[in-house]
Amino acid sequence: MKIAVTYENGQVFQHFGHTEQFKVYEVENGQISSSEVVHTNGSGHGALAEILKNLEVEVLICGGIGAGAQQALTEAGIHFYGGVVGSTDDAVQAFLSETLSYNPDVRCNHHDEHEHGKCGEHGCGEGHCSH
């Protein structure tokens with residue numbers, strides 16, 4: 001199984017659509033066997049789901065995530081857990097032990113407030129998302 005986490009400086013990055021890196025974990029027999037940081041090369045929003053699909057990721061752990069990205073992940077067959085904060089390593093360990101604290105209703109409210117193309121003008125982890 002492969003698990004990806006939105007990644008910045010060892011922490012869960014709080015806006016899926018703007019993440020520049022994923023930390024991808026390979027899991028075997030319920031244990032992390034390896035991990036690597038993968039760069040998104042400036043891809044955003046819908047393209048990120050395709051990157052994860054091509055990496056054969058089955059689970060995504062992230063902070064804030066908009067409805068469009070949620071739909072793209074669902075269509076790609078990737079299960080996601082949003083509203084997660086803290087260390088990426090700790091989040092994956094919590095997921096594996098079935099103790100991950102996440103918000104099944106997480107979404108970025110600002111996606112409803114303006115045109116999609118203007119999304120980069122503010123940071124999602126700074127009070128703009130409902131967790």
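What you see is a predicted model, and the numbers here were worked out from it, not measured in a lab. In what follows, every heavy atom counts, from backbone to side chain, and hydrogens, waters and symmetry copies are set aside.
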>> With side chain to side chain contact (heavy atoms under 4.5 Å, CB included) as the criterion, how do Val12 and Thr6 come out once you've worked through the C-alpha distance, each side chain's angles and the decisive distance to 0.1 Å?
In response: CA-CA 5 Å; Val12 177; Thr6 52; 3.6 Å; yes
Calculate, to the nearest 0.5 Å, the distance between atoms [atom1] and [atom2] belonging to [X] and [Y] respectively.
X	Y	atom1	atom2	result
Glu75	Gln70	CD	CD	12.0 Å
Ile65	Asn103	CD1	CG	12.0 Å
Thr88	Glu8	OG1	CD	11.5 Å
Phe80	Leu60	CZ	CG	8.5 Å

Taking all non-hydrogen atoms of both residues into account, name the closest pair between [X] and [Y] and its distance.
X	Y	result
Gly82	Tyr102	O-CB, 3.3 Å
Glu28	Ser33	OE2-OG, 3.6 Å
Ile3	Phe95	CD1-CD2, 3.6 Å
Lys23	Ser35	CE-OG, 3.5 Å
Ile78	Lys53	CD1-N, 3.9 Å
Leu100	Val84	CD1-CG1, 4.0 Å

Should [X] and [Y] be regarded as members of a common hydrophobic cluster, given that ILVMFWY residues are connected when their side-chain heavy atoms come within less than 4.5 Å of each other, either directly or indirectly?
X	Y	result
Leu52	Val37	no
Val5	Val27	yes
Tyr7	Ile61	no

>> Other residues, nucleotides and ligands only: do more than 12 of their heavy atoms fall within 6.0 Å of CD on Glu26?
In response: yes
> Where do Asp89 and Tyr25 land on the side chain to side chain contact (heavy atoms under 4.5 Å, CB included) test, with the steps shown first?
Replying inline: CA-CA 9 Å; Asp89 292 346; Tyr25 298 80; 2.5 Å; yes
>> For a side chain to side chain contact (heavy atoms under 4.5 Å, CB included) check, start with the C-alpha distance between Leu96 and Ile32, then their side-chain angles and the critical distance, and finish with the verdict.
In response: CA-CA 9 Å; Leu96 293 173; Ile32 297 170; 3.9 Å; yes
> Is the backbone N or O of Ala4 less than 3.5 Å from a side-chain atom of Glu58, with the two atoms forming a donor-acceptor pair by type?
Replying inline: no
> Would Phe13 and His18 count as a side chain to side chain contact (heavy atoms under 4.5 Å, CB included) if you check the C-alpha gap in whole Å, the side-chain angles of each, and the deciding distance to 0.1 Å?
Replying inline: CA-CA 9 Å; Phe13 186 68; His18 290 273; 4.1 Å; yes
> Angle class for the Phe16/Phe22 ring planes (parallel below 30°, perpendicular above 60°, tilted otherwise)?
Replying inline: tilted
